[in-house]
Participant: 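Handing you this structure, nothing more for now.
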Amino acid sequence: MPLDPVSGIWFELHGRGTPLMITLPLMATHMASMGPDSEVVLRDYLALLTDRFQILLVDYPSIGKSLDIKPEELTADRVCHDLLSVATAAGFDDFAYWGYSWGGAIGLQLAARTDRLTALIIGGWPPLNAPYANILAASRRKIGNVPPGSMVILRSPDQYRQWSFYYESMIDWPEAEAVAAMTLPRLVYFGAVGDLVEANLPINIASTIRQHRGELEARGWQVIEFVGEGHGVCMKPGLIVPPIAAFLDEMVKND
């Protein structure tokens, strides 16, 4: 049974080859949670990757077939511990990590806390000067008035509080120092018009990555901007997977 007894995370493996964990927007029970219209997204991701990567998908946090986590327990420490635990349960020692938006923010935490990552791909989240304060404030404003789109995967409106506890745990994270210390192969991608407004607060994602592009590239990051695309670019695997897979292929070749 693909349930990690330590973290309570339900997981599934697809393909063979280099270990690669992909978190949100993909899930282990993707179609059951996101609906049948999401099948094409999952199918296209896997079709472009599983010939040479073993993909680990997870139901996280407290979604799909995974066990519940109390909202107040969802901290950066807990998330990293859980994802490293499920990677071990899946038979992954070292692995590449790929996440988008919230999943991208997680990737930075993992890269700062473990030497098990072979590569880091984050989408829709700035590695530098990320809007942690505004997204924390926005998440707090939405408690009690959860947007319908958020309830697609959540089990109850009360669960929405978990995002506030997560971002609160990162407010004092030494971002600049942590990112400067990263030396593993790393890539960030985003839709060019991917800035957001949440609860009337600006969540500047695309413009922030663009502002720091030169600094990131000087530090060894590969930066990909998808012109004309918004924050939903992660749902277009035919567009985003080929250049990211090429980055991973190069990483494997040079390993």
Side-chain angles (χ1 to χ4, degrees), residues 1-15 19-50 53-92 95-107 109-110 121-125 139 142-143 146-167 231-232 234-237 240-241:
M1 178 181 294
L3 181 73
D4 172 23
V6 176
S7 64
I9 298 175
W10 183 271
F11 65 93
E12 292 187 1
L13 291 167
H14 300 266
L20 170 61
M21 177 189 289
I22 303 181
T23 59
L24 293 173
L26 302 186
M27 300 168 54
T29 56
H30 191 80
M31 288 175 285
S33 300
M34 301 289 285
D37 291 344
S38 69
E39 178 180 6
V40 65
V41 175
L42 176 63
R43 183 194 68 203
D44 288 354
Y45 266 95
L46 296 181
L48 292 164
L49 293 166
T50 50
F53 297 98
Q54 185 172 42
I55 309 299
L56 170 59
L57 302 180
V58 298
D59 284 348
Y60 194 80
S62 300
I63 55 180
K65 293 184 178 181
S66 291
L67 303 182
D68 286 334
I69 300 171
K70 294 179 180 179
E72 57 270 24
E73 294 180 2
L74 196 78
T75 64
D77 283 340
R78 170 67 184 267
V79 170
C80 290
H81 179 272
D82 284 350
L83 292 183
L84 291 173
S85 176
V86 74
T88 299
F92 284 11
F95 60 96
Y97 176 89
W98 180 347
Y100 193 83
S101 198
W102 184 73
I106 290 172
Q109 296 298 306
L110 277 172
I121 302 100
I122 66 172
W125 191 255
S139 68
K142 293 180 183 179
I143 295 173
V146 180
S150 298
M151 292 307 303
V152 172
I153 60 172
L154 298 183
R155 293 174 176 164
S156 72
D158 183 65
Q159 189 184 355
Y160 193 85
R161 295 188 299 122
Q162 66 187 1
W163 311 126
S164 297
F165 285 104
Y166 177 78
Y167 286 114
H231 195 62
C234 61
M235 305 304 286
K236 296 184 176 182
I240 67 170
V241 172

Participant: Under a plain distance cut-off of 3.5 Å, with no hydrogens placed, do Asp68 and Ser62 share a side-chain donor-acceptor pair?
Facilitator: no
Participant: Looking at residues at least two apart in the chain, or sitting in another chain, which of them share a side chain to side chain donor-acceptor pair (under 3.5 Å) with Thr88?
Facilitator: Arg116
Participant: Under 3.5 Å, side chain of Arg155 to main-chain N/O of Gly64, donor-acceptor pair present?
Facilitator: yes
Participant: Using the rule given for side chain to side chain donor-acceptor pair (under 3.5 Å), can you reason through Thr23 versus Tyr100, listing the C-alpha separation, both sets of side-chain angles and the distance that settles it, and then say yes or no?
Facilitator: CA-CA 7 Å; Thr23 59; Tyr100 193 83; over 6 Å; no
Participant: Between Trp10 and Val58, is a side chain to side chain contact (heavy atoms under 4.5 Å, CB included) present by the stated rule, with each step listed?
Facilitator: CA-CA 6 Å; Trp10 183 271; Val58 298; over 6 Å; no
Participant: Drop me the distance from Leu49's CG to His14's NE2, to the nearest 0.5 angstrom.
Facilitator: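 Leu49 atom CG to His14 atom NE2 measures 11.5 Å (nearest 0.5 Å).
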Participant: How far does CD of Gln159 sit from CG of Leu154, to the nearest 0.5 angstrom?
Facilitator: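 These two atoms lie 4.5 Å from each other.
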Participant: Run the ring-centre check on Tyr166 versus Trp102 and record whether the distance is less than 6.0 Å.
Facilitator: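 Yes: the rings meet the under 6.0 Å criterion.
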Participant: Could you check if a side-chain atom of Ile63 sits within less than 4.5 angstrom of a side-chain atom of Leu24, using non-hydrogen atoms only?
Facilitator: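 A side-chain contact under 4.5 Å exists here.
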Participant: Would you please classify the geometry between the Phe92 ring and the Phe95 ring as parallel, tilted or perpendicular, with 30° and 60° separating the classes?
Facilitator: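 Correct class here is tilted.
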Participant: I need the single residue from Ile69, Val86, Leu3, Leu67 that forms a side-chain contact (heavy atoms from CB on, under 4.5 Å) with Ile9. Which is it?
Facilitator: Val86
Participant: Roughly how far, to the nearest 0.5 Å, is OG of Ser66 from CE of Met27?
Facilitator: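 It is 8.0 Å, given to the nearest 0.5 Å.
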Participant: Tell me, please, which residues at least two apart from Ser156 pass side chain to side chain donor-acceptor pair (under 3.5 Å).
Facilitator: none
Participant: Nearest 0.5 Å please: distance from the CG atom of Leu20 over to the CG atom of Leu56.
Facilitator: 8.5 Å
Participant: Check the pair Tyr45, Leu57 against side chain to side chain contact (heavy atoms under 4.5 Å, CB included), reporting the backbone distance first and the verdict last.
Facilitator: CA-CA 11 Å; Tyr45 266 95; Leu57 302 180; over 6 Å; no
Participant: Is any side-chain heavy atom of Asp158 closer than 4.5 Å to one of Pro71?
Facilitator: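 Counting from C-beta outward, Pro71 and Asp158 do come under 4.5 Å.
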Participant: For the atom pair OG1 (Thr50) and CZ (Arg43), what is the distance rounded to the nearest 0.5 Å?
Facilitator: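 So the OG1 of Thr50 and the CZ of Arg43 are separated by 12.5 Å.
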Participant: Which residues satisfy the salt bridge (charged side-chain N to carboxylate O under 4.0 Å, His left out) test with Lys142, sequence neighbours excluded?
Facilitator: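 Salt bridge (charged side-chain N to carboxylate O under 4.0 Å, His left out) list for Lys142, sorted by chain: Glu198.
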Participant: When rounded to the nearest 0.5 angstrom, what distance separates CG in Leu83 from CD in Gln109?
Facilitator: 11.5 Å
Participant: How would you list, by chain and number, every residue that makes a side chain to side chain donor-acceptor pair (under 3.5 Å) with Lys236, sequence neighbours excluded?
Facilitator: Glu229
Participant: With side chain to side chain contact (heavy atoms under 4.5 Å, CB included) as the test, would you mind laying out the steps for Val241 and Asp44 before giving the verdict?
Facilitator: CA-CA 9 Å; Val241 172; Asp44 288 354; over 6 Å; no
Participant: Excluding sequence neighbours, so at least two apart, what forms side chain to side chain donor-acceptor pair (under 3.5 Å) with His231?
Facilitator: Ser101
Participant: Heavy atoms only: give me the nearest Phe11-Ala89 pair and the separation to one decimal.
Facilitator: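 In terms of heavy atoms, the two residues are closest at CZ-O, 3.9 Å.
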Participant: Enumerate, atom names and distances included, each donor-acceptor pair closer than 3.5 Å involving a side-chain atom of residues 74-82, sequence neighbours excluded.
Facilitator:
| from | atom 1 | to | atom 2 | distance (Å) |
| --- | --- | --- | --- | --- |
| Thr75 | OG1 | Arg78 | N | 3.2 |
| Asp77 | OD1 | Arg113 | NH1 | 2.2 |
| Arg78 | NE | Asp82 | OD1 | 3.1 |
| Arg78 | NE | Asp82 | OD2 | 2.8 |
| Arg78 | NH1 | Glu73 | OE1 | 3.1 |
| Asp82 | OD2 | Tyr60 | OH | 2.8 |

